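Step one of this worksheet: look at the structure below.
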Amino acid sequence: MLIKEVAKRLNTTTRTIRFYEEKGLIQPTKRENDYRTFTDEEVMRLSTILALRELGLEIKAIKQLIDGDAYSMYDYLNIQRERMFERWLEMKDMILTIDRILEQHTDDGISVEDVVALSKHLKNLKTMRKSWSDRWNFDKQAAEYDKSLKLTGYRFNVHQDYEVALEKVISTIQLKAGDTCLDIGIGTGNLSSRLLPKGIKVIGVDQSEKMLEECKRKHPEIDIRKGHFLALPILDQQVNAIVSSYALHHINDEQKLLALEEMDRVLYSNGEICIADLMFHNETHRQEVICRYRKAGNIEAVEAIEDEFYADRSLLVNWFHSHHYEVTTYSFHPFLSMIYAKKGNDIL
Ligand SMILES: C[S@@+](CC[C@H](N)C(=O)[O-])C[C@H]1O[C@@H](n2cnc3c(N)ncnc32)[C@H](O)[C@@H]1O
């Protein structure tokens with residue numbers, strides 16, 4: 001098939017096709033008089049390239065994908081979806097900021113200071129959504145993660161009561177068959193896979209591709225999505241419940257509040273959130289516990305606590321209260337708690 005015919009068939013231009021040829025994505029056979037001819041296979045390849053461009057993939061990524069390097073199509077689209085959600089949320093933040101300026105002021109009352117103040121707020125949000133990075137290298141931990149749960153540590157067992165906590169979350173949320181539950185920081189799927197036999201659909205979000213691979217290998221039914229607490233790859237109001245275990249303590253207090261806003265965004269109006277994680281009741285409690293470990297010479301415990309962002313539970317509870325959630329809390333041991341929050345005021 002000649003280039004003009006291909007362009008017509010794929011609803012594109014000869015210029016676009018030449019561009020992909022220059023970038024090495026396609027190599028049509030050239031006849032002696034310099035006319036290009038395309039086999040059916042090449043037309044298929046070109047059609048895939050065009051579709052992937054339409055989905056926003058970069059040329060380099062498309063080349064790796066169609067040359068069969070490293071990632072599968074599923075992986076690439078999953079990564080692409082994560083990026084698009086990040087961009088979408090950025091746009092959403094911008095629109096909301098402009099809405100706020102317009103709502104609060106009349107035509108002639110908008111001062112430069114107002115705009116500067118709100119644009120600062122916008123910049124902070126953007127920085128916060130992008131600032132998180134995985135300094136624990138969960139990709140590297142993924143293959144051995146389940147085994148590591150059985151290790152008790154020398155003088156500090158971070159996974160003390162792990163099984164009890166996961167069971168408590170599952171028995172606390174009130175989902176029924178057909179409902180959708182989002183698990184954030186799903187890891188290898190140990191928490192929400194327990195919902196699958198009840199007919200509940202599970203979406204698992206994690207920032208670690210290797211954790212997600214492991215989760216998919218163990219529980220193919222789970223809809224795994226690459227993403228993170230601060231930009232969930234889910235549209236507004238899509239899930240009946242959100243669960244999370246041992247994940248929230250990887251983001252700091254300020255980020256935790258943004259994460260709660262994200263959870264609230266994707267949750268139905270009568271939805272529920274259940275979080276089991278490493279946290280203290282409040283700041284005083286944190287200092288007391290750390291002080292006790294110090295006095296006992298347990299530096300392993302102090303360093304473990306200070307290396308992560310164990311939550312101040314009272315901050316999370318306050319956030320839920322101020323956003324019209326009914327909240328109950330449960331303590332498993334001094335630094336492991338569960339928070340159950342029901343949106344709206346109709347808690348059982
Ligand atoms: C200790 S593992 C817990 C996994 C699982 N929830 C469990 O209870 O076994 C922490 C998980 O949270 C994920 N995680 C940490 N920070 C995250 C973030 N900001 N966004 C999404 N996932 C995150 C990690 O990649 C990892 O898979």
Side-chain angles (χ1 to χ4, degrees), residues 132 134-138 141 144-173 183-188 190-192 194 206-208 211 228-230 242-260 263 272-321 325 327-341:
W132 191 86
D134 179 3
R135 64 179 163 89
W136 297 271
N137 200 347
F138 282 105
Q141 294 183 33
E144 298 295 315
Y145 177 72
D146 284 353
K147 275 192 210 149
S148 77
L149 293 170
K150 298 194 174 67
L151 305 175
T152 54
Y154 169 51
R155 297 182 70 191
F156 183 69
N157 180 8
V158 79
H159 290 118
Q160 183 187 334
D161 287 345
Y162 175 82
E163 277 298 319
V164 182
L166 266 50
E167 272 310 314
K168 178 85 180 158
V169 171
I170 298 301
S171 62
T172 303
I173 49 167
D183 183 347
I184 314 176
I186 189 170
T188 59
N190 294 339
L191 174 63
S192 49
R194 295 166 201 226
D206 205 289
Q207 56 82 35
S208 157
M211 282 285 189
H228 60 90
F229 272 113
L230 309 179
I242 298 173
V243 294
S244 185
S245 56
Y246 292 84
L248 197 67
H249 65 282
H250 297 104
I251 58 178
N252 68 32
D253 280 353
E254 199 185 16
Q255 292 167 333
K256 282 188 184 79
L257 299 186
L258 184 58
L260 293 184
M263 293 185 204
E272 12 170 29
I273 297 177
C274 197
I275 300 168
D277 209 342
L278 305 170
M279 53 181 99
F280 297 105
H281 304 172
N282 50 41
E283 195 46 42
T284 313
H285 180 228
R286 180 198 309 271
Q287 295 311 330
E288 277 168 16
V289 174
I290 293 180
C291 192
R292 270 209 301 275
Y293 279 125
R294 255 192 234 287
K295 273 192 185 148
N298 191 343
I299 298 306
E300 193 186 1
V302 176
E303 284 178 353
I305 293 171
E306 290 182 344
D307 180 47
E308 297 182 326
F309 305 103
Y310 288 32
D312 171 342
R313 197 174 76 185
S314 69
L315 279 183
L316 306 182
V317 169
N318 284 347
W319 186 94
F320 279 121
H321 280 149
Y325 282 75
V327 189
T328 51
T329 58
Y330 184 88
S331 297
F332 299 95
H333 60 68
F335 56 88
L336 179 67
S337 282
M338 184 186 86
I339 298 183
Y340 172 74

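Note: hydrogens, waters and symmetry copies are ignored here, and every other heavy atom, side chains too, is used. Predicted model only: the values in this text are computed from it and were never measured.
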>> Could you tell me if Lys256 sits above the aromatic ring of Phe309, with its cationic atom closer than 6.0 Å to the ring centre and no more than 45 degrees from the axis?
In response: no
> Hey, are the side chains of Leu260 and Ile275 touching, using non-hydrogen atoms and a 4.5 Å cut-off?
Replying inline: yes
> Looking at Asp206 and Gly185, what are the two nearest heavy atoms and their distance?
Replying inline: OD2-C, 3.3 Å
> Is the backbone of Arg155 close enough, under 3.5 Å, to the side chain of Asn298 for a donor and an acceptor to pair up by distance?
Replying inline: yes
> So do the side chains of Arg286 and Tyr310 get within less than 4.5 Å of each other, counting heavy atoms only?
Replying inline: yes
>> Would you call the rings of Tyr162 and Tyr246 parallel, tilted or perpendicular, taking 30° and 60° as the class edges?
In response: tilted
> Between Asp307 and Arg135, is there a salt bridge with N-O shorter than 4.0 Å?
Replying inline: yes
> With under 30° as parallel and over 60° as perpendicular, where do the rings of Tyr325 and Trp319 fit, or are they tilted in between?
Replying inline: tilted
> Looking at side-chain heavy atoms only, is the closest gap between Leu316 and Leu248 below 4.5 Å?
Replying inline: yes
> Hey, what do you get for NE2 (His250) to CZ (Phe229), rounding to the nearest 0.5 Å?
Replying inline: 9.0 Å
>> Is there a side-chain contact between Glu167 and Val164 in this structure, where contact means two heavy atoms from C-beta onward sitting under 4.5 Å apart?
In response: no
>> Quick check: do Phe320 and Ile273 have side-chain heavy atoms less than 4.5 Å from each other?
In response: yes
>> With salt bridge (charged side-chain N to carboxylate O under 4.0 Å, His left out) as the rule and sequence neighbours excluded, what pairs involving residues 272-282 come up?
In response: none
> Does any non-hydrogen side-chain atom of Leu191 lie less than 4.5 Å from one of Ile186?
Replying inline: no
> Taking all atoms of both residues into account, what is the closest heavy-atom pair of Cys274 and Ile173, and its distance?
Replying inline: CB-CG2, 3.6 Å
Please tabulate, for the side chains in residues 331-339, all donor-acceptor contacts under 3.5 angstrom to protein atoms that are two or more places apart in sequence or on a different chain.
{"unit_1": "Ser331", "atom_1": "OG", "unit_2": "His281", "atom_2": "NE2", "d": "3.2"}
{"unit_1": "Ser331", "atom_1": "OG", "unit_2": "Arg313", "atom_2": "NH1", "d": "3.0"}
{"unit_1": "His333", "atom_1": "ND1", "unit_2": "Phe335", "atom_2": "N", "d": "3.3"}
{"unit_1": "His333", "atom_1": "NE2", "unit_2": "Gln160", "atom_2": "O", "d": "3.3"}
{"unit_1": "Ser337", "atom_1": "OG", "unit_2": "Arg313", "atom_2": "NH1", "d": "2.9"}

> Between CZ of Phe138 and CD of Gln207, what distance do you get to the nearest 0.5 Å?
Replying inline: 7.0 Å
> If you round to the nearest 0.5 Å, how far is CG of Leu166 from CG of Asp161?
Replying inline: 11.0 Å
> Does Ile184 offer a backbone N or O that forms a donor-acceptor pair with the side chain of Ser244 under 3.5 Å?
Replying inline: yes
> From Ile305 CD1 over to Phe156 CZ, what is the distance, rounded to the nearest 0.5 angstrom?
Replying inline: 4.5 Å
> Sequence neighbours excluded, which residues qualify as side-chain hydrogen bond (donor to acceptor under 3.5 Å, both in side chains) partners of Glu303?
Replying inline: none
